[in-house]
Amino acid sequence: MTAPFVLAVPSKGRLQENAEAFFTRAGLTLAKPRGARDYRGTIAELDNVEIAYLSASEIASQLARGTVHLGVTGEDLVRESIADADRRVMLIDNLGFGSANVVVAVPQAWIDVRTMADLDDVTTGFRAQHNRRMRVATKYINLTRTFFAAHGVVDYRIVESAGATEGAPATGTAEMIVDITTTGATLAANGLKVLDDGVILRSQANLVASKDADWSVEARETASVILDHIAARARASKYREVRTRFAGCDAALLAEAHNRFGVVSPFGGPTSSGMVTLHCPPAQLYALGSFLRAHGADTVSVASLDYVLDRDNPLFARLEAFLRS
Ligand SMILES: Nc1ncnc2c1ncn2[C@@H]1O[C@H](COP(=O)(O)OP(=O)(O)OP(=O)(O)O)[C@@H](O)[C@H]1O
Ligand SMILES: O=P(O)(O)OC[C@H]1O[C@H](OP(=O)(O)OP(=O)(O)O)[C@H](O)[C@@H]1O
Ligand SMILES: [Mg+2]
């Protein structure tokens, strides 16, 4: 028996629901045969795939170790926990959820500190005056070191924080923090502000591949099928299907529609009777409908697309290039 292909999916926290919904939309139904507390699952449509339900941070670690082939996790966790991340894992695609920024935040009361350059001055002055370094509370130790170094800030010390990091300045365990934020509500509630150039990383959930997983022929084939599903869904959601028929519909008109509205003609130009099926970006639908009617169409129908299966498998092509590199 060949070893199963392992896909890691967040088991809890804010990424979980979105991740499951993402696979469902792609036509891949995640199932837990032994109930909700089961941390191993399957994909109803595919044999020989094992779903590993793990925390988002554990997914990043297992991708680095190669114990899972593909996983969904936050870019922040990938960049923080995997040294040399671009060589060991590949971010195949942004998933459009789990957006959050890793930021440098200081007390709002520091009115003269707006930028990293200001912070550099303040940390240097603090060290000279107090004979100790300012403390930064964070769980993003590597991201903090790299970012501070890039800005020439050296007079600081990291205090590792596992949770409630925003509270550190008020309780006196650190002077400032590096943490993740979405709405900014937690920072504001703790009297903190983000430095103007203090965004270290704009993170979101990603589909990530491990370089060191067992990429057997079977594993590659499974990845190709999974990524084909995902690409078909992604392509479908970028467009709506527009259909019409009128005598004046010709190649020149379609070329104009392409240039003006970003319309593509996946099945070629109009038939001899002027029947055509187009794919149009949602924001341009009404403009396209008006354009077609102005040129003679009596009726234009618009429908949403569930999947668009192309001969190309662009996500898998990227994965293959990475595995070869
Ligand atoms: N507002 C946010 N705060 C924290 N993480 C967020 C936010 N928005 C998106 N994320 C993403 O979700 C990931 C996981 O965060 P989540 O809070 O779900 O789990 P966790 O913090 O790792 O788990 P736990 O808090 O139980 O240890 C983050 O690393 C980040 O990529
Ligand atoms: O900018 P906001 O929208 O306020 O969100 C940011 C907060 O959310 C996260 O905490 P979480 O709820 O995940 O708790 P945790 O610290 O236990 O992970 C994060 O660590 C911040 O504290
Ligand atoms: Mg959290």
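No hydrogens, no waters, no symmetry mates; every other heavy atom, side chains included, goes into these values. Index from 1, following the sequence. Read the numbers this way: they start at 1 and go in the same order the structure lists the ligands and their atoms.
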Inset, instruction - Would you mind running through ligand 1 and noting each atom that sits below 4.0 Å from a heavy atom of S99? - result: 8 (N)
Inset, instruction - Flag the pair D86 and R79 as a salt bridge only when some basic side-chain nitrogen lies within less than 4.0 angstrom of an acidic carboxylate oxygen. - result: yes
Legend entry - Polar contact flag, side-chain donor to acceptor under 3.5 angstrom, N101-T181: no
Inset, instruction - Please round to the nearest 0.5 Å and tell me the distance separating atom CG of L309 and atom NE2 of H229. - result: 8.0 Å
Inset, instruction - For G98, take its heavy atoms, then give the atoms of ligand 1 lying under 4.0 Å from any of them. - result: 9 (C)
Legend entry - Nitrogen or oxygen atoms of E75 and ligand 1 under 3.5 Å apart: no
Inset, instruction - For the residue pair D179 and Y140, confirm or rule out a side-chain donor-acceptor distance under 3.5 Å. - result: no
Inset, instruction - Look at atom 20 (O) of ligand 2 and find which of I177, N101, D179 reaches it with the closest heavy atom. - result: D179
Inset, instruction - Would you mind reporting whether F23 and T29 have side-chain heavy atoms less than 4.5 Å apart? - result: no
Legend entry - Under 4.0 Å to a heavy atom of R14 - the qualifying atoms of ligand 2, by number: 8 (O), 9 (C), 10 (O), 11 (P), 12 (O), 13 (O)
Legend entry - Contact atoms of ligand 1, heavy-atom distance to G13 under 4.0 Å: 18 (O)
Legend entry - N-O pairing of R132 and E175 below 4.0 Å: yes
Inset, instruction - Enumerate the atoms of ligand 1 whose separation from the nearest heavy atom of T182 is less than 4.0 angstrom. - result: 1 (N), 2 (C), 7 (C), 8 (N)
Inset, instruction - Indicate yes or no: does an N/O atom of Y140 lie under 3.5 Å from an N/O atom of ligand 1? - result: no
Legend entry - Check: Y53 side chain, Q16 main-chain N or O, donor-acceptor pair, under 3.5 Å: no
Legend entry - Identity of the nearest option to atom 21 (O) of ligand 1, non-hydrogen atoms only, from Q204, K139, R14, K12: K139
Legend entry - Ligand-side contact atoms (ligand 1) for residue partner A100, heavy atom cut-off under 4.0 Å: 7 (C), 8 (N), 9 (C)
Legend entry - Contact atoms of ligand 1, heavy-atom distance to L77 under 4.0 Å: 29 (O)
Inset, instruction - Show which atoms of ligand 2 fall inside a sub-4.0 Å distance from at least one heavy-atom site of I180. - result: 6 (C), 19 (C), 20 (O), 21 (C)
Legend entry - Per-atom contacts, ligand 1 versus G74 - under 4.0 Å to a heavy atom: 31 (O)
Inset, instruction - Examine the side chains of D155 and T123 and answer whether a donor and an acceptor come within less than 3.5 Å of each other. - result: no
Inset, instruction - To the nearest 0.5 angstrom, please state how far the CD atom of Q62 sits from the OG atom of S55. - result: 9.0 Å
Legend entry - Atom indices of ligand 1 within 4.0 angstrom of I180 heavy atoms, with elements: 3 (N), 4 (C), 5 (N), 30 (C)
Legend entry - Salt bridge flag under 4.0 Å for residues D212 and R65: no
Legend entry - Side chain, backbone, both or neither: the part of S55 lying under 4.0 Å from ligand 1 by heavy atom: neither
